[in-house]
4 protein chains.
Amino acid sequence: MAKTGGIAADRLKQIVARIERLEEDKKAVADDIKEVYAEAKGAGFDTKILRQVIRLRKLDGAEYQEQEALLELYLQAIGLTHQNAA
Amino acid sequence: MAKTGGIAADRLKQIVARIERLEEDKKAVADDIKEVYAEAKGAGFDTKILRQVIRLRKLDGAEYQEQEALLELYLQAIGLTHQNAA
Amino acid sequence: MAKTGGIAADRLKQIVARIERLEEDKKAVADDIKEVYAEAKGAGFDTKILRQVIRLRKLDGAEYQEQEALLELYLQAIGLTHQNAA
Amino acid sequence: MAKTGGIAADRLKQIVARIERLEEDKKAVADDIKEVYAEAKGAGFDTKILRQVIRLRKLDGAEYQEQEALLELYLQAIGLTHQNAA
DNA sequence: AACGTTGAAATAGTTC
DNA sequence: GAACTATTTCAACGTT
């Protein structure tokens, strides 16, 4: 039985291998992204601004949802909809 | 001269002591915050909502600035104000 | 009813104010800690190692040794001992 | 002039689209990794130690030993050796 | 009391 | 090499 000091060694090896494989994939994608930025830079675009655009576009949807949630919460807080214990 | 293997031991000890002192302070404040939440809960408020309110109030100012930056960036991107190399 | 709501709302505002005040304090202390690290760096100390020192001092020995042992076990299981990690 | 801007704007849109596509891929892989860790945890492995194993395998021995030596030095300087951290 | 979720801290990487 | 940003790791909290 493939145990080393109570550890299922084979299982552990599999897990480690899978993670390392996936991390390689991830690195490959990250490198692709870098390439695109480099290419963009070569085409005369400002990569710093480009990164900000990407970041803000990501935030956009999230922010909208946050605002919605905020409104909801304020309504509850002011109207004491839920936590009215007084 | 107070050196151990090339390290200024006294200086290091001082630094460690200062950091540990400050971390105690920080923990004390964190505990105070917990207390307030516990008290609020005792008064019938929903701590989850309370935490969200705090978080969103914090975000508020930041988000406004992000939006401003986004507008600025889009203006640059569409008008190609800076990176117009074509 | 509006009265009750009003009282609870006042209470809520107080709570929020207290928490936000405390979080400012906490941030101030956190900033102080950062400053000490920056100062230490300026004096030639390696901040990463310094953080490790602080962390080790916080851990009690039992916990530390437990983790070390478990790590060793895992490394052995995958056929990579701590010593020959090179 | 409007034309040039238009062409560059199209190019910019393409770039942004490509990056966002790649970032989705990256996120998907990152999620896969998380899943593996979750699965490992379900199988009884300590994920924190597991992460350490992965990290150690990535490090080359020289770097690792350097850091260990420096840590030892600091601990000695403040009168706390690695062994008697208890 | 373990689990997942979320927020803070720390580390690594990039740019200037 | 110093500052800023992004990613990763760690710890706290609520939940079941």
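Below, chains carry the letters A, B, ... as their sequence lines are ordered, and counting in each starts from 1.
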Give a yes/no on whether any side-chain N or O of [X] is located under 4.0 angstrom from OP1 or OP2 of [N].
X        : N       : value
Lys27(C) : dA9(E)  : no
Lys58(B) : dA8(E)  : yes
Arg55(C) : dT11(E) : yes

TODO: Assign each of Tyr37(D) and Tyr37(B) to its nearest nucleotide of DNA chain F by heavy atoms, then name whichever residue's nucleotide is nearer the 5' end.
DONE: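 The answer here is Tyr37(D).
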Task: Residue closer to the 5' end of DNA chain F, Gln52(A) versus Gln52(D) (nearest nucleotide) - done: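 Closest to the 5' end, via its nearest nucleotide, is Gln52(A).
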Check nucleotides 14-16 of chain E for protein N or O atoms closer than 3.5 Å to its own N or O atoms and list the pairs.
| unit_1 | atom_1 | unit_2 | atom_2 | d |
| --- | --- | --- | --- | --- |
| dT14(E) | OP1 | Lys34(A) | NZ | 2.5 |

Please state how far atom [atom1] in [X] lies from atom [atom2] in [N], giving the value in whole angstrom units.
X        : N       : atom1 : atom2 : result
Leu56(D) : dT11(E) : CG    : P     : 15 Å
Glu35(B) : dA12(F) : CD    : P     : 17 Å
Leu22(D) : dA6(F)  : CG    : C1'   : 17 Å
Asp31(C) : dA8(E)  : CG    : P     : 13 Å
Ile33(C) : dA8(E)  : CD1   : P     : 15 Å
Glu23(B) : dC10(F) : CD    : P     : 16 Å
Leu59(C) : dA11(F) : CG    : C1'   : 13 Å

TODO: Say whether, by atom type as modelled, one donor and one acceptor occur between the side chain of Tyr74(C) and the main chain of Ala69(C) under 3.5 angstrom.
DONE: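 No; judged by distance alone, with no hydrogens or angles, the pair does not exist.
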How long is the span from the [atom1] atom in [X] to the [atom2] atom in [Y], to the nearest 0.5 Å?
X        : Y        : atom1 : atom2 : answer
Glu39(D) : Asp32(D) : CD    : CG    : 11.0 Å
Glu20(B) : Lys58(C) : CD    : NZ    : 8.5 Å
Ile15(A) : Leu12(A) : CD1   : CG    : 6.0 Å

Open item on the list: Within the 4.5 Å heavy-atom criterion, are Asp31(D) and Lys27(D) side-chain neighbours or not?
Closed with: yes
Open item on the list: Looking at Arg18(D), I want to see if its CZ is surrounded by more than 12 non-hydrogen atoms of other residues, nucleotides or ligands under 6.0 Å.
Closed with: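 No, CZ of Arg18(D) has 12 or fewer neighbouring heavy atoms, counting only those of other groups under 6.0 Å.
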Open item on the list: Is the terminal nitrogen or CZ of Arg51(A) (NZ for Lys, CZ for Arg) located under 6.0 angstrom from the six-membered ring centre of Tyr37(A) and within 45° of that ring's axis?
Closed with: yes
